[in-house]
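Throughout, numbering of the chain's residues begins at 1 and tracks the sequence. In each ligand, atom 1 is the first atom listed, and ligand 1 is the first ligand listed. The basis for the numbers below is simple: all heavy atoms, side chains too, and nothing from hydrogens, waters or symmetry mates.
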Amino acid sequence: MFDFVSNKVHDEARQGEALLPAETDINLYKKKFYIESYGCQMNFSDSEIVASILNEKGFGATRNYEEADLVFLNTCSIREKAEQTVRSRLHIFRQQKRIRPGMLIGVLGCMAERLKEKFLEEEKLVDMVVGPDAYRTLPLLIEEAEGGQKAVNVLLSREETYADISPVRIDSNGVTAFVSIMRGCNNMCSFCVVPFTRGRERSRDAYSIIKECEGLFENGFKEVTLLGQNVDSYYWNDEQKDETVTFAMLLEKVALINPLLRVRFSTSHPKDISEEVLQTMKKYHNICKYIHLPVQSGSTRILQLMNRTYTREWYMAKINRIREVMPECGISSDIIAGFCTETEEDHQDTLSLMEFSKYDLSYMFFYSERPGTLAARRYKDDVDEETKRRRLAEIVKLQNQISKTSNENDIGKIFEVLIEGDSKRSEEDWRGRSTQNKVVVFSKSGFDFKKGDYAMVKIESCTGGTLIGKAVGE
Ligand code: 5AD
Ligand code: SF4
């Protein structure tokens, strides 16, 4: 209950979602795979790469694990709760395997490296364990597992970016898509397991990214989100052409594909988002005015223990600069309550920084110690559970107030909204998002819009998480 999450980091509604097969798949493939994904957007994006590799190998997706020949869980390690969920799912699949012994169960993603022995040898829960850089070897591993061997590949790579693999977007709204631009992370925030589960940072070939985005636009998509653990440190060097592409340059190249293709990106580390990136965002209308800029804590002392490499004041200056360059820019954050040694004063610093930053939205968590991380090795997890929960509740309460005020301030304004589909509540209303990434719902009447169109919408009212308005133009 205390993972307050949404679509940019961990979309709670999507946790455990199974990939939906395309209608044309049904008779095309002789064997079926089922894949359930957990964790961040990066992991969901990886599942699309896995699906592409499995399609090539002759497996079609199914939404029903009971009929699958291969069952995969693409796992997350970021907090303990995510790991517990995966474990209980594995036990359910195990029961199914008793009924259909030919079925193979595989664990993919971030839990693979840490728990390979446990899952394969000790608990005998799975037949395959495949780390995030080893998906190309899946066909081989499947053959090994079919032959009765325990198939494992958890090697992390310094090069793998799956640049040439076209992800199958079989579960999409046809309007917005995620495009992975880099893998891994070199930051070593002390609380974070990602550098250990996903390895060193590496950037994907810029031209393969552009090609993928062009292909999406040609297929009717209107928005791409460039994904990476730390997109601002994207850096790609083409030795043959002697060309270097930075993140600001990549953004520009993608923005230039077509003015009707919106560009978003996530996630930015405050230390790496550069003036060039801000200026590029400002220059192009189709680069969305929205930055996910996780602060983690408002206390300089805690930030230092977290190894975030900035102070409270430095972060505040960054926020000021963003607002100076793009006054209309939406900003969101990630916040951790109850990190090691956090005092009441540190906690108050977090609350006051939230008020200063006026985040439109935050993803809020209490600290969960992860084995192997710098924090687990160096510091004691000494804030008791009750205090963590109380502080988190205070952070959530404050964020709800700030989000509500931010939405109320939008009443009367007109936003360009990209229509993603019907509203969840009513087929009579459209649902889309503003450039600031806020969800906007408005009546279909009056205009002849379709999914994927842009509409000018005047905001008339709001709830905590949604703006409600009326179309006033195309
Ligand atoms: N405990 C709690 N939250 C964490 N995050 C990362 N590691 C941990 C942890 N050990 C949060 C951070 C990060 C987001 C993806 O998850 O806020 O930005
Ligand atoms: Fe994504 Fe990190 Fe979770 Fe892995 S551990 S799925 S990288 S959030």
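- Contact atoms of ligand 1 toward Q296: 12 (C), 13 (C), 17 (O), 18 (O) (distance under 4.0 Å to a heavy atom of the residue).
- Between V130 and the choices L141, V107, V154, N74, the side chain to side chain contact (heavy atoms under 4.5 Å, CB included) rule is met once, by L141.
- Below 3.5 Å of separation, one finds no N or O of R370 facing any N or O of ligand 1.
- At a cut-off of 3.5 Å, with distance as the only test, a side-chain donor of S268 or D232 sits close to an acceptor on the other residue.
- Interface of D334 with ligand 1, defined as ligand atoms under 4.0 Å from a residue heavy atom, comprises 13 (C), 14 (C), 15 (C), 17 (O), 18 (O).
- Residue R79 touches ligand 1 through its side chain alone, judged by heavy-atom distances below 4.0 Å.
- In this view, N186 satisfies the side-chain hydrogen bond (donor to acceptor under 3.5 Å, both in side chains) rule with no residue, not counting sequence neighbours.
- Of the heavy atoms in V193, none comes closer than 4.0 Å to ligand 1.
- Residue-ligand proximity: F366 is placed with a non-hydrogen atom under 4.0 Å from ligand 1.
- At least one N or O atom of F191, backbone or side chain, sits closer than 3.5 Å to an N or O atom of ligand 1.
- In this structure, F93 has its ring center closer than 6.0 angstrom to the ring center of Y65.
- For the pair Y367 and ligand 1, the shortest N or O to N or O distance does not fall below 3.5 Å.
- Here the CG-CD distance, from L90 to E36, works out to 9.5 Å after rounding to the nearest 0.5 Å.
- Using a 4.5 Å heavy-atom threshold, the side chains of R301 and T343 count as touching.
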